[in-house]
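To start, the structure itself, in structure tokens.
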Amino acid sequence: MHAFRSHTCSDLNSANAGASVRLSGWVHRVRDHGGLLFIDLRDHYGMTQILADPDSPVFSKVEKVKSEWCIRIDGVVKLRDATLVNEKISSGQVEVFISDIEVLGAADELPLMVFGDQEYPEETRLKYRFLDLRREKLQKNMKLRSDVVASIRKRMWALEFREFQTPIITASSPEGARDFLVPSRLHPGKFYALPQAPQQFKQLLMVSGFDKYFQIAPCFRDEDPRADRSPTDFYQLDVEMSFVEQEDVFRTIQPVIQGVFEEFGGEKVVDTSWEKIPYKTSMILYGTDKPDLRNPLRMQIVSEHFQDSGFEIFSKILKQEGAEIRAIPAPSGGSRKFCDRMNAFAQKEGLPGMGYIFWRDVEGVVEAAGPLAKNIGAERTEAIRIQLNLGVGDAAFFLAGKPTSFEAVAGRARVTIGNELNLVDNNRFAFAWIVDFPMYEKDTETRKVDFSHNPFSMPQGGIQALDGDPLEVLGYQYDLTCNGYELLSGAIRNHKLEIMIKAFELAGYGEDEVRKRFGGMVNAFSYGAPPHGGCAAGIDRIVMLLADESNIREVILFPMNQRAEDLMMSAPSDPTSDQLMDLSLRVVKKSS
RNA sequence: GCGGUUGUAGCUCAGCUGGUUAGAGUAUCGGCCUGUCACGCCGAGGGUCGCGGGUUCGAGUCCCGUCAACCGCGCCA
């Protein structure tokens, strides 16, 4: 017989009755009745009830085992009496009478229990990740992740993409997020960097003639974390194709993503028609470039109704250059209590507040209420009500100023209003392409023009477009939003060297700088570069949505905490002086 | 870097307007128990109330500072 097991803990059923078997696994739960002792034995596959009574030659040994000990047992399979069948486990028809036991690994008192659904603080869970991973939820999430990755690979291969591995130690790139640097031993004072994405490599693969590339690629960025963002490293489905336009990329990638969501999304409805929303429109309607379309609320511009109106604050603001008034409709939100709460929300988010109007029924007539309505008068209020298509019991909130100053908060207010009024359809994966991103943006503090998205994207309108106002230039750049998360980002690349150099010039990078930083790619683009484009989809976020989790660490095996520390491995850690010596490095203490 | 929330037994939590010896569940240890599947019953041990300072006759509770975790902002081509 095998040293550890003849069956797994989910294998046995009535067909095995009478057989002598060997099982290995963890002690999930012990129920000690003195004269009769039950153990739920658990492995990756399932659970089997094993038991011993004083007739067992190893009864005294079995009595000593505790939760989460790893054991091997021998025994005989017996059919359970019909009244004793446990429907909850696949082996519930039978149980195993223990004749021999071997303790493979005993366990100390547990910092967190594998059994049950008790919640534990994340610090504990991360420090004892190996225990947390034994629990049902993380076992399920990690299996899902593995299955999703396998399905993606299968789908990409079926579309005749090939998977290639690109370097993990490479050169720092001046754009984008902070790099992780790796000191070079052979070149004292010089550093490699971990790639933020295989961006340049995949473009070089296109120049090299490979036509269709994909990779489940690790990406490294030294960013501060969020609930939906892993610090240090995460995985992308990285894709690039030659001889394509934007629509070709959409047509190729939608079936892959949609297919994965249909395969693993359970009962949830998966959108099959993906709307294309220009960036500018998205900002107006939703206040964000990653709108959650399960929330039906759409903001509108209502400036005209406040022009020279009796509401001094707004009409004054409107006289400023570029100022607008935007409204968030709130159907069924028509109570002072609700409106005040939302106003408080906006104040907490750093705005002076949100004005509001709500409509009520007074003796059969629709009447607008709230201080704002009084100030602008019945006619304007009614015009607003008609534009927003609201009625009795509804409300609307108003934000004034330069859109950039309130757009983000308005977007969050829209989310909060939608949630509070129960308008969000949670049983759906809502997809949309966000297209026509601006190539450049002006830094609000330095007033410097810089790339807003991806510096390697092709500007719409070609090289002529770069002659005008840089802030007006749109790129062939796109994101995919799903339920309020940015799931994918991509672009048609700029494969023409003269356009690329001009594009970088507008952002303040001279030709010499470009040639120095992107030498490999610049060089390649001088030798017959094909038109190409692609995208990268966040694997962690896809799994997070499919697992119905709101925290990305629930779908990562060994995640970092909010301070980018690995509590289990104790990373980062101090280097030895020998290591530093080897690398010609000295650690400088920060004075502050 | 900034803001919010949290911090009490190994673990999850309760602890009111400041007032006797800081409690419960679970885990651990001991005893009883032959049909449980969240087994049950009896008992025991287990506490720097995150840390430091202050107010007070008296602080887990109030004040100040500080540390840590999480959530958000900045950041994220």
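Within every chain, numbering begins at 1; the chains are lettered A, B, ... in the order of the sequence lines, protein sequences first and strands thereafter.
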| message | Side-chain N or O of A:Gln562 versus OP1/OP2 of B:C71: is the shortest distance under 4.0 Å? | response | yes
| request: Look at A:Arg553 and B:C71 and indicate whether a side-chain polar atom (N or O) is within less than 4.0 Å of OP1 or OP2. | output: yes
| Is A:His33 stacked on the base of B:U36, with ring centres under 5.5 Å apart and planes under 30° apart? | no
| said: I'd like to know whether A:Glu123 forms a side chain to side chain donor-acceptor pair (under 3.5 Å) with A:Asn561, so could you lay out the CA-CA distance, the side-chain angles of the two residues, the decisive distance to 0.1 Å, and finally the verdict. | reply: CA-CA 8 Å; A:Glu123 198 176 356; A:Asn561 69 3; over 6 Å; no
| query | Does A:Asp224 get its side chain close enough to the base of B:C75, under 3.5 Å, for a donor-acceptor pair? | reply | no
| query | Reckon A:Arg412 has a side-chain N or O less than 4.0 Å from the OP1 or OP2 of B:C73? | reply | yes
| Are OP1 or OP2 of B:U36 and a side-chain N or O of A:Arg31 less than 4.0 angstrom apart? | no
| message | Looking at A:Arg229 and B:C75, is any side-chain donor or acceptor paired with a base atom of the opposite kind under 3.5 Å? | response | yes
| message | Can you see if the side chain of A:Arg29 gets near the phosphate of B:U26 - specifically, an N or O under 4.0 Å from OP1 or OP2? | response | no
| message | In whole Å, I'd like the distance from the CG atom of A:Asn86 to the P atom of B:C39. | response | 11 Å
| field | A:Gln347 CD - B:G3 P separation (whole Å) | value | 19 Å
| said: Show the nearest heavy-atom pair for residues A:Asp222 and A:Asp179, with the distance to one decimal. | reply: CB-O, 4.1 Å
| query | Does any N or O donor sit under 3.5 Å from an N or O acceptor when you compare the side chain of A:Glu95 with the base of B:G35? | reply | yes
| Of the candidate nucleotides B:A38, B:U34, B:U36, which contains the atom at the shortest distance from the side chain of A:Phe38? | B:U36
| Does a nitrogen or oxygen in the side chain of A:Lys88 sit under 4.0 Å from OP1 or OP2 of B:A38? | yes
| No-H, no-angle donor-acceptor pair, A:Arg226 side chain to B:G74 base, under 3.5 Å | yes
| Looking at the side chain of A:Arg563, which of B:A69, B:U34, B:U28 is the nearest nucleotide? | B:A69
| query | Given B:C37, B:C29, B:C70, which nucleotide is nearest the side-chain atoms of A:Asn561? | reply | B:C70
| query | How many angstroms lie between atom CG of A:Asp289 and atom OH of A:Tyr478, to the nearest 0.5 angstrom? | reply | 15.5 Å
| said: For A:Asn551 and A:Lys290, find the nucleotide of RNA chain B closest to each by heavy atoms; which residue's nucleotide sits nearer the 5' end? | reply: A:Asn551
| field | Ring geometry between A:His28 and A:Phe115 (parallel below 30°, tilted from 30 to 60°, perpendicular above 60°) | value | perpendicular
| said: Under 4.0 Å, heavy atoms only, any strand: does A:Phe456 hit a base, just the sugar-phosphate, or nothing? | reply: nothing
| said: Base of B:U26, side chain of A:Gln118 - is there a donor-acceptor contact under 3.5 Å? | reply: no
| note | Any strand, both distances under 3.5 Å, Watson-Crick or G-U wobble: B:U12 pairs with B:A24
| query | Is atom CG of A:Asp469 surrounded by more than 12 heavy atoms (other residues, nucleotides or ligands) closer than 6.0 Å? | reply | yes
| said: Distance check needed: B:G74 P versus A:Glu441 CD, whole Å only. | reply: 12 Å
| message | Distance check needed: B:C73 P versus A:Phe406 CZ, whole Å only. | response | 18 Å
| task | Pick out which of A:Arg515, A:Arg517, A:Lys516 makes a salt bridge (charged side-chain N to carboxylate O under 4.0 Å, His left out) with A:Glu513. | result | A:Arg517
